[in-house]
Amino acid sequence: MVTAGNALDNEQVSIPAYVSVTTDPISVTDLVRHVSTTHAGAVVTFSGDVRDNDHGRDVLSLEYEAHPTAQTILEKVVSQVAAKFEVEAVAVAHRHGPIAIGDAALVVCVSARHRGPAFDACSALVDEVKAQIPIWKHQVFADGTDEWVNCA
Amino acid sequence: MVTAGNALDNEQVSIPAYVSVTTDPISVTDLVRHVSTTHAGAVVTFSGDVRDNDHGRDVLSLEYEAHPTAQTILEKVVSQVAAKFEVEAVAVAHRHGPIAIGDAALVVCVSARHRGPAFDACSALVDEVKAQIPIWKHQVFADGTDEWVNCA
Amino acid sequence: MAVTVRLFAAARSAAGMREVQLEGATVRDVLDALQVTSPAVARVLPQCSYLLNEVACRDHSASVADGDVLDVLPPFAGGAH
Amino acid sequence: MAVTVRLFAAARSAAGMREVQLEGATVRDVLDALQVTSPAVARVLPQCSYLLNEVACRDHSASVADGDVLDVLPPFAGGAH
């Protein structure tokens with residue numbers, strides 16, 4: 001559980017959060033279980049899966065590299081973002097290491113009483129996690145070239 | 001597969017859609033499998049679960065009743081809404097009959113190349129399906145009273 | 001004309017019956033006959049929508065034929081959310 | 001001051017090394033020394049951010065101490081999406 005202190009209004013906000021940076025395959029079912037409660041009416045889940053193409057080029061294989069601080073930073077980002085929404089619980093997992101095409105690299109799962117906050121929080125978490133987590137993506141293309149995504 | 005014809009501009013749009021009105025428990029894993037493709041980078045899933053309370057009253061048990069046209073109408077709504085978004089595939093299941101607290105009554109799953117359309121389409125599908133599907137919800141409360149939701 | 005009226009959800013609960021055969025020349029006639037047969041259902045009808053042979057029917061002056069099926073649909077579970 | 005510089009992702013690929021010990025009194029000194037040691041990394045550095053002992057470091061005039069660790073971080077995978 002990650003406890004988020006909202007610095008703006010000195011109000012303590014604590015949304016139960018499961019956060020994982022892992023080389024293991026991500027189980028969406030497990031993450032959903034982490035956020036399930038009998039009084040949460042809505043669960044919204046995002047799964048960011050590895051594609052077989054990027055900008056029209058066929059991707060043969062890819063690998064994510066994580067900085068040693070990735071888990072700590074992910075916990076901080078998740079608790080800060082979750083605290084802004086009326087949600088019951090959140091679960092976020094980011095995978096690193098080699099990943100097979102079609103496997104999930106990032107999964108975000110949010111439960112809430114109502115679906116509006118569940119959708120909003122899930123979408124905001126995906127945006128902020130992707131922007132802030134120190135993880136890099138290395139793609140090898142079918143034509144033999146390779147690239148670190150976002151690095152010219 | 002449901003094929004949607006867009007009457008407004010005579011353009012034929014066909015988004016692969018799995019649609020089910022069922023008394024069986026809904027498997028989110030199965031629905032996700034229905035929308036998965038190796039070139040869809042984002043999968044967004046909504047699960048509307050049965051809550052143990054409503055407007056502050058404890059819910060003991062509940063049951064959904066479906067009109068015989070529910071499957072046909074769901075197919076129509078899903079294909080119309082899906083055609084408005086840049087998505088790869090959608091899967092929608094609505095359960096009826098008795099449902100245990102915590103089980104899913106409605107699950108909507110959308111895959112897309114990019115996460116924006118996946119979130120938008122999933123949210124729009126939930127709104128339109130809930131508004132248009134001829135299904136009723138009967139709740140029995142802990143205090144012995146019961147109600148048909150939305151009927152005074 | 002003999003029309004089969006099918007009652008769903010809150011309409012069925014209020015009327016205490018699932019289905020009834022009623023006479024009339026129009027949808028309005030049949031609904032009037034329904035309220036005579038089951039005064040309790042009158043409370044629910046203002047919120048209801050109707051299907052004639054499973055097609056939406058908003059015009060209550062529409063004619064009905066022998067064997068037609070008129071469905072009485074209370075507001076759907078998700079309609080107001 | 002002897003500082004350990006750790007290179008990640010595209011910076012490591014460009015430099016062809018994962019870690020190097022360099023001398024300097026400030027972050028800027030150490031980065032200048034890095035570009036002398038590995039001219040190939042110079043192309044990547046303008047896009048990079050830095051951590052000094054795993055804390056974000058934007059002020060390149062900051063002093064470094066013996067044993068400090070300076071991490072070179074290229075843009076993250078999700079940063080531009």
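Because only heavy atoms are used, hydrogens play no part in the values below, and waters and symmetry mates are left out as well, while side chains stay in. Here is the naming used below: chain letters follow the sequence lines, and residue numbers restart at 1 for every chain.
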Inset, instruction - Report, by ascending residue number, the residues of residues 6-14 of chain C in heavy-atom contact with chain B at a distance under 4.5 Å; give 'none' if the set is empty. - result: C/R6, C/F8, C/A9, C/A10, C/R12, C/S13
Legend entry - Stepwise side chain to side chain contact (heavy atoms under 4.5 Å, CB included) test for C/L51 and B/H67: CA-CA 11 Å; C/L51 303 180; B/H67 188 267; 3.4 Å; yes
Inset, instruction - Measure from the side-chain N and O atoms of B/N150 to the backbone N and O of C/F76, and report whether any donor-acceptor pair falls under 3.5 Å. - result: yes
Legend entry - 4.5 Å side-chain heavy-atom contact, B/W136 and C/P74: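 Sidechains of C/P74 and B/W136: in contact.
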Legend entry - Best-contacting candidate, B/E147, B/Q132, B/H138, against chain C by heavy atom pairs under 4.5 angstrom: B/Q132
Within 6.0 angstrom of [X] [atom1], more than 12 heavy atoms from elsewhere:
X: B/R57; atom1: CZ; answer: yes
X: B/E86; atom1: CD; answer: no
X: C/M17; atom1: CE; answer: yes

Legend entry - B/P68 to C/E54 - nearest heavy-atom pair and separation: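 So the two residues come closest at CB-OE2, 3.8 Å.
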Inset, instruction - Examine whether an atom of B/L106 lies under 4.5 Å from a heavy atom of chain C, and if so say whether it belongs to the side chain, the backbone or both; otherwise answer neither. - result: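 No part of B/L106 comes within 4.5 Å of chain C.
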